Student: 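Quick one: the structure is below, and I'll ask about it shortly.
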Amino acid sequence: MWYDFFMNKATVLNCRVDLCDEKQALNCAYDAIRENQSFHIITINPEMIMNSQKNSDFSNIINNSNLNIPDGVGVKIALKLRKIAQQQIRGVDFARNLIELASKNNYRLALLGAKEEIIQKTKENILKKYPNINLVYVQNGYFDDENKVIEDIKNSKAQILLAGLGSPKQEELIYKLKNDNFACVMVGVGGCFDVFSGVTKEAPKIYQNLGLEWLYRTLSEPKRLKRIFPTLPIFLIKCIIECGTKKDF
Ligand code: UDP
């Protein structure tokens, strides 16, 4: 595909980040669907990169995905340290755009993740907005039999899968589908369904524009604090050290 040749890439702490804007990322998804590709997109953030440092299997998944789009202001800052200007692509916005893409093109859409009432409310909201959308699979993220879920997703012949199981669970499941060569654009969407259901409020635009979405989420959900500290400061320190030692980025 064209992006393999033209898209710039960077590595942040040995994780590949593809330098693209949201429109290019959506075009990649669109092309992959039309070409019946098995296509894994990761909305990569500092937490995932830090996790990959101690989990080589996860690092392998990240570096073998098809597209790693930078979510999280931390990745944007890490790239800025290298003088690479990169737009932050918000996972929630990207997922919204994929739903719209599915609706416009009548692509088969699958939703996996979150608690039962949340995924059902998400389904309801999506159907309210796109009454004719081709929703072929909806499953909460609290299941016992992963093999069955994988088989059901394959049987649904979904062309777009949004998997919101949290990381690394969502990426691991998608990796299995990709190894089976399941022709689908598959994206790990974290807590998106909590937002789409209306249960979790999105950060106001002012926070988003200032790159302070993490602060808003932490203030509204203080238990997230332990996910940010010490991970985020350590991430930034490691990036600064890497920046001083590695030139061929
Ligand atoms: N989740 C799930 N199954 C699990 C664990 C988590 O479906 O076994 C869901 C959880 O309900 C939430 C999402 O995964 O909707 C994780 O959200 P989180 O806030 O961790 O993701 P982030 O947006 O920070 O990537």
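Counting starts at 1 for both ligands and their atoms, in listed order. Given the structure is predicted, the values throughout are model-derived calculations rather than measurements.
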Student: Among all protein heavy atoms, pick the one closest to atom 23 (O) of ligand 1 and tell me residue, atom and distance.
Tutor: Gly191 N, 2.9 Å
Student: Test of understanding: given a 4.0 Å heavy-atom threshold, classify the contact between Lys169 and ligand 1 as side chain, backbone, both, or neither.
Tutor: side chain
Student: Considering only the protein, which heavy-atom contact is closest to atom 1 (N) of ligand 1, and what is its distance?
Tutor: Tyr142 OH, 3.2 Å
Student: Which residue owns the protein heavy atom closest to atom 20 (O) of ligand 1, what's the atom, and how far is it?
Tutor: Arg227 NH1, 2.9 Å
Student: Count the heavy atoms belonging to other residues, nucleotides or ligands that lie under 6.0 Å from NZ of Lys169, then report whether that count exceeds 12.
Tutor: yes
Student: Tell me whether Arg90 forms a cation-pi arrangement with Phe94, defined as NZ or CZ under 6.0 Å from the six-membered ring centre and within 45 degrees of its axis.
Tutor: no
Student: Which bit of Glu47 gets closer than 4.0 Å to ligand 1, counting heavy atoms only: side chain, backbone, both or neither?
Tutor: neither
Student: Do Glu116 and Gln120 have side-chain N/O donor and acceptor atoms under 3.5 Å apart?
Tutor: yes
Student: How far apart are the C-alpha atoms of Phe235 and Val12, what are their side-chain angles, what is the distance that settles it, and do they pass the side-chain contact (heavy atoms from CB on, under 4.5 Å) test?
Tutor: CA-CA 10 Å; Phe235 168 78; Val12 175; 3.9 Å; yes
Student: Taking Lys238 first and then Glu242, would you say they form a salt bridge - that is, a charged N and a carboxylate O separated by under 4.0 Å?
Tutor: no
Student: Side chain or backbone of Arg224 under 4.0 Å from ligand 1, or both, or neither, by non-hydrogen atoms?
Tutor: side chain
Student: Whether the Gln139 and Asp152 side chains hold a donor-acceptor pair (N or O, under 3.5 Å, no angle test) is what I'd like checked.
Tutor: no
Student: To the nearest 0.5 Å, how far apart are CG in Leu127 and OG1 in Thr122?
Tutor: 11.0 Å
Student: Where on Asp194 is there a heavy atom closer than 4.0 Å to ligand 1, on the side chain, on the backbone, on both, or on neither?
Tutor: side chain
Student: Looking at ligand 1, does Phe193 have a heavy atom less than 4.0 Å from it?
Tutor: no
Student: Could you walk me through whether Ile61 and His40 pass the side-chain contact (heavy atoms from CB on, under 4.5 Å) test, one step at a time?
Tutor: CA-CA 10 Å; Ile61 292 176; His40 184 184; 3.9 Å; yes
Student: Could you check atom 3 (N) of ligand 1 against the protein and tell me its nearest heavy-atom contact, residue, atom and distance included?
Tutor: Gly141 O, 2.8 Å
Student: What protein heavy atom sits nearest atom 9 (C) of ligand 1, and how far away is it?
Tutor: Gly164 O, 3.5 Å
Student: Show the atoms of ligand 1 that are less than 4.0 angstrom away from any heavy atom in Gly113.
Tutor: 7 (O)
Student: Where the side chain of Asn45 meets the backbone of Gly72, is there a donor-acceptor pair that is under 3.5 Å apart?
Tutor: no
Student: Are Asn66 and Ile41 close enough, and set up right, to give a side-chain contact (heavy atoms from CB on, under 4.5 Å), and what steps lead you there?
Tutor: CA-CA 6 Å; Asn66 299 88; Ile41 303 179; 5.8 Å; no
Student: Could you name the option among Thr43, Ile118, Asp71, Leu165 that has the heavy atom nearest to atom 5 (C) of ligand 1?
Tutor: Leu165
Student: Can you tell me which portion of Met48 lies within the under-4.0 Å heavy-atom range of ligand 1? Options are side chain, backbone, both, or neither.
Tutor: neither
Student: Among protein heavy atoms, which lies nearest atom 7 (O) of ligand 1, and at what distance?
Tutor: Ala114 N, 2.8 Å
Student: Among all the protein's non-hydrogen atoms, which is closest to atom 13 (C) of ligand 1, and how far away is it?
Tutor: Gly190 O, 3.6 Å
